[in-house]
Amino acid sequence: MRWSQAFIPTLRDDPADAEAASHRLLVRGGFARQLMAGVYSLLPLGKRVHEKIEGIIREEMVKVGGQEFSLPALLPKEILEKSGRWGVDVMFKLEDRHGAAACLGFTHEEIFAWIARELRSYKQLPQIWFQFQTKFRDEERPKSGLLRVREFMMKDSYSLDVTAEGLDYAFQQHFEAYRRIFERLGLDVVAVEASSGGMGGNESIEFMIETPAGEDWIVSCAACGYAANVEKATSLLEPASDEAGPATPEKFATPDVRTIEELAVFEGGAPAEQQIKTLVYTIDDAPALLLLRGDHALVEQKLIDGTAAETLRPATTAEIRQALCASAGSLGAVGVEGLRVLADPALQGRTNMTTGANEDGFHLRGVSIERDIQVAEWMDLREVTEGEACPMCEADLAIRKTAEVGHIFKLGTVYTEALGASVQGEDGKNVPIIMGSYGIGVGRAMAGIVESWNDENGIIWPMNVAPYEVVVTIVNPKDVESSEAGQRIYESLIGDGIDAILDDRKERPGVKFKDAELIGIPYRITVGPKGLADGKVELFRRRGAEKRDVDVHKAADIVLNAVMEERR
RNA sequence: CGGGCCGUAGCGCAGCUUGGUAGCGCGCCUGAAUGGGGUUCAGGAGGUCGGGAGUUCGAAUCUCCCCGGCCCGACCA
């Protein structure tokens, strides 16, 4: 490709609405343009990167026996109704001219399960099926450029097995394939235990990259490698040494005290870690009390996972008053009967605690959990904080902001049962196929790579995904000798299968250098009269900004070798 | 869905308070010089001021409605 003919609309200024590094650089470098909220066009450079990422993912999927499909993006209501997912809030719903309902696919478990109905015998299993497909999700809030969008390319794969061991094996194969994929993409991922969320299933691992543009917090231990999403993470706490306290709780007046912090500084109050925080939630339309240590925060996802609730929300002021006859600020669980009380294990065995008295303006002190409160269930509900002890090795835990680039799930038989995908086992009985589901967002991976690999001059693509591997920059296109020399080097590289681009534009050298660095091409060969006078051209490596002069006639070979070495 | 901010030329922005010929920088086109880090000079093209309604002799500017976008939070297969 000649740069003078290429559509690479670079921008001198950062786009005004871009915050995340990847957003800024992908727009500025001419890789993508926004069409509407969370919807982007890929320009030629972006498309090239996308294809390279897809190529790597495809290779690794094929290595573990994956077979590629291409399913429709347009899905019928009937199939999604069978799994109970018709109408989920991220779904883009539409109607055809006859009034038949359809939607744009947000994921494809149902459709693969539908096709899997053609499987008849255990002898045909296992299978790994995958595709690259555009997914549509009407996210509440698209953000961070290409990191969180409403239409995106995803590689999704599905494993089909007869036994739980088979699923474990497919899951493990995917885990390893994903490790190799992210390694080749230049993404430094942390695999974390994750909540399965609305997908169903019982075990899932997310692959996260650390970035300020992320939106998931993960807990990790540098000492032993333990890592988990905060939605799932646990930690060890220092055992509390409470005084026994009085024989019965004592009520005391606390005018105008409504928060944990206010009670902590109130004369006669108690430090947050000696308070019991009482939250009222409506779980599947029934009120429930959640008890946490005063300084601990609730993780709603843990509550969802722990209760298997269909719907769940904080109770309204009116509901709270109806349940406890008091306002938020004076709530407690002492003496409460007839309500479901869930308590976090950090409260287990605690004595002499302080909590609300269910009477506005009053609290109770000297509360012993086991003695005074009827806890229906103990359930891990609290959010881990920085510096708490690792549940595996007791070292200090760190908390990091991350973005999810891949997720693997053990689904089980939720979808295959709903859609009737079963096979006959060895014993002649029909058993539902056991499914796993595994996804990687291609555009998100691209944005993630940019988040990980950039500097003040632009993107620094890893060789494997670079839109072009080498740019041959002609300093002065009017100088016939350098034009010809540049062209020879360029053609030699192309002949060797290198993705090269020839920057033959009639621009000042500075412009060409800036552009090449902005779009992140790993190697640049600069051909100009100054160097040619000594038979030299300059070889510049984007990563590390190393420069060296090399013999004109050897330049192509030297770069060829360097590129080959960096391809993986 | 709550809170905040913003829509004026391809990009970045000023003008709006106090209504009266639509501006600046970059980019783009032509010509010339220059040619190893966003060079310089001269000339030029380019705008339904997000959309609609209203007030007014007159609206980018004032009023109302709508649409779109960004950020924070909530939410999130």
Side-chain angles (χ1 to χ4, degrees), chain A residues 7 9-20 23-24 27-28 30 33-39 80 83-85 88-92 103 105-110 135-145 148-150 152 154 156 194-201 204 206 213 215-216 229 231 298 300-301 304 311-314 403-404 406-409 411 414-415 437-439 441 444 457-458 473-479 482-483 486 503 505-518 524-534 536-538 540 545 547 549:
Chain A
F7 183 64
T10 56
L11 268 22
R12 192 183 283 238
D13 300 311
D14 280 336
D17 53 9
E19 192 102 332
H23 187 193
R24 241 178 347 98
V27 172
R28 193 144 96 82
R33 288 291 184 265
Q34 180 169 12
L35 191 61
M36 54 177 174
V39 178
L80 290 169
S83 67
R85 288 210 288 186
V88 298
D89 54 4
V90 294
M91 191 176 92
F92 277 103
C103 73
F106 46 94
T107 176
H108 284 84
E109 280 76 15
E110 285 87 346
K135 308 291 186 200
F136 298 87
R137 295 184 189 173
D138 194 1
E139 299 282 352
E140 301 256 351
R141 185 154 97 80
K143 56 180 284 201
S144 304
R148 184 169 171 80
V149 291
R150 298 197 294 169
F152 58 97
M154 181 184 225
D156 46 327
S195 160
S196 302
M199 278 296 285
S204 86
E206 287 173 325
E215 45 191 5
D216 283 301
N229 195 301
E231 291 179 348
L298 168 72
E300 215 170 67
Q301 190 64 48
I304 296 171
T311 63
L312 173 152
R313 58 176 171 80
E404 174 189 342
H407 202 159
I408 59 180
F409 290 89
L411 282 182
V414 207
Y415 296 99
S437 157
Y438 317 87
R444 190 178 273 192
N457 293 315
T473 303
I474 296 168
V475 174
N476 179 1
K478 277 191 196 159
D479 179 61
S482 35
S483 244
D503 195 348
R505 290 177 297 168
K506 294 179 177 52
E507 289 286 352
R508 300 283 304 187
V511 173
K512 295 191 247 197
F513 297 156
K514 287 285 184 194
D515 272 346
E517 282 160 42
L518 173 63
R524 185 180 78 217
I525 298 172
T526 312
V527 185
K530 208 189 270 184
L532 286 180
D534 303 326
K536 302 283 188 188
V537 294
E538 184 191 80
F540 175 82
K547 287 178 185 173
D549 286 336

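Numbers restart at 1 for each chain; the letters A, B, ... are given by sequence-line order, proteins then strands.
Between A:V27 and A:R33, some side-chain heavy-atom pair lies under the 4.5 Å cut-off. You'll find the side chain of A:E404 reaches within 4.5 Å of the side chain of A:R444, heavy atoms only. Within the 4.5 Å cutoff, the side chain of A:T10 has no heavy atoms near those of the A:K514 side chain. Two residues are said to be in side-chain contact when any heavy atoms from C-beta on lie closer than 4.5 Å; A:H23 and A:P15 fail this criterion. At least one side-chain heavy atom of A:L80 sits less than 4.5 Å from a side-chain heavy atom of A:C103. Side-chain contact between A:R85 and A:M91 is absent, with no heavy-atom pair separated by less than 4.5 Å. Counting only heavy atoms from C-beta outward, the side chains of A:V537 and A:L532 approach each other to under 4.5 Å. At least one side-chain heavy atom of A:R505 sits less than 4.5 Å from a side-chain heavy atom of A:D515.
Between the CG atom of A:D138 and the P atom of B:rC75 there is a distance of 18 Å, rounded to whole Å. Following rounding to the nearest Å, A:K143 (NZ) and B:rG73 (P) show an atom-to-atom distance of 6 Å. Taking atom CG of A:N229 as the reference point, atom C1' of B:rC76 lies 12 Å away to the nearest angstrom. Going from atom CZ of A:R150 over to atom C1' of B:rG68 covers 11 Å, rounded to whole Å. In this structure, A:E19 places its CD atom 16 Å from P of B:rC5, rounding to the nearest Å. Counting to the nearest Å, the C1' atom of B:rG4 and the CG atom of A:D17 are 16 Å from each other. Rounded to a whole Å, the CD atom of A:E139 is 14 Å from the P atom of B:rC75. Between the P atom of B:rA74 and the CD atom of A:Q301 lies a distance of 14 Å, rounded to the nearest Å.
Distance check on atom P: B:rC16 versus B:rC62 gives 10 Å, rounded to whole Å. Taking the C1' atoms as reference points, B:rG19 lies 8 Å from B:rG58, given to the whole Å. Atom name P, nucleotides B:rA14 and B:rC6: the rounded distance is 10 Å, in whole Å. On the P atoms, B:rG50 is 16 Å away from B:rG68, given to the nearest whole Å. B:rC64 and B:rC5 have their P atoms separated by 16 Å, given to the nearest Å. B:rG46 sits 13 Å from B:rG23 when the P atoms are compared, rounded to a whole Å. Taking the P atom of each, B:rG47 and B:rA9 are spaced 11 Å apart, rounded to whole Å. Nucleotides B:rA59 and B:rA53, compared at atom P, are 12 Å apart to the nearest Å.
Each of A:F152 and A:A20 lies near RNA chain B, and the nucleotide nearest A:A20 is the one positioned closer to the 5' end. Nearer to the 5' terminus of RNA chain B, by closest-nucleotide assignment, is the contact made by A:A18 (compared with the other of A:A18 and A:D89).
In this entry B:rA32 has B:rU40 as its Watson-Crick or G-U wobble partner, both defining distances falling under 3.5 Å. Using N1 to N3 plus N6-O4 or O6-N4 for Watson-Crick, or N1-O2 and O6-N3 for G-U wobble, each under 3.5 Å, B:rG20 pairs with B:rC57. Nucleotide B:rG2 is matched to B:rC72 when pairs are restricted to Watson-Crick or G-U wobble geometry with both distances under 3.5 angstrom. Here B:rC64 sits opposite B:rG52 as a Watson-Crick or G-U wobble pair (both hydrogen-bonding atom distances under 3.5 Å).
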Give me the distances for all protein-to-nucleotides 34-43 of chain B N/O pairs that come in under 3.5 Å?
from: B:rU34; atom 1: O2; to: A:R508; atom 2: NH1; distance (Å): 2.4
from: B:rU34; atom 1: O4; to: A:K478; atom 2: NZ; distance (Å): 3.3
from: B:rG35; atom 1: O6; to: A:K478; atom 2: NZ; distance (Å): 2.4
from: B:rG35; atom 1: N2; to: A:E507; atom 2: O; distance (Å): 3.1
from: B:rG36; atom 1: O2'; to: A:K530; atom 2: NZ; distance (Å): 2.9
from: B:rG36; atom 1: O6; to: A:G528; atom 2: N; distance (Å): 3.0
from: B:rG36; atom 1: O6; to: A:G528; atom 2: O; distance (Å): 3.2
from: B:rG36; atom 1: O6; to: A:G531; atom 2: N; distance (Å): 3.3
from: B:rG36; atom 1: N2; to: A:E538; atom 2: OE1; distance (Å): 3.0
from: B:rG36; atom 1: N2; to: A:E538; atom 2: OE2; distance (Å): 3.1
from: B:rG37; atom 1: O6; to: A:R524; atom 2: NH2; distance (Å): 3.0
from: B:rG37; atom 1: N1; to: A:E517; atom 2: OE2; distance (Å): 2.6
from: B:rG37; atom 1: N2; to: A:E517; atom 2: OE1; distance (Å): 2.9
from: B:rG37; atom 1: N2; to: A:E517; atom 2: OE2; distance (Å): 3.2
from: B:rG38; atom 1: O2'; to: A:R12; atom 2: NH1; distance (Å): 2.5

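Among the protein residues, A:S83 comes within range of no part of the nucleic acid, since none of its heavy atoms lies under 4.0 Å from any strand.
Taking 4.0 angstrom as the limit, A:Q34 places a side-chain polar atom (N or O) nearer than this to OP1 or OP2 of B:rC70.
Among residues two or more places apart in sequence or in another chain, the side chain to side chain contact (heavy atoms under 4.5 Å, CB included) test is passed with A:E517 by A:N457, A:F513, A:R524, A:F540, A:R542.
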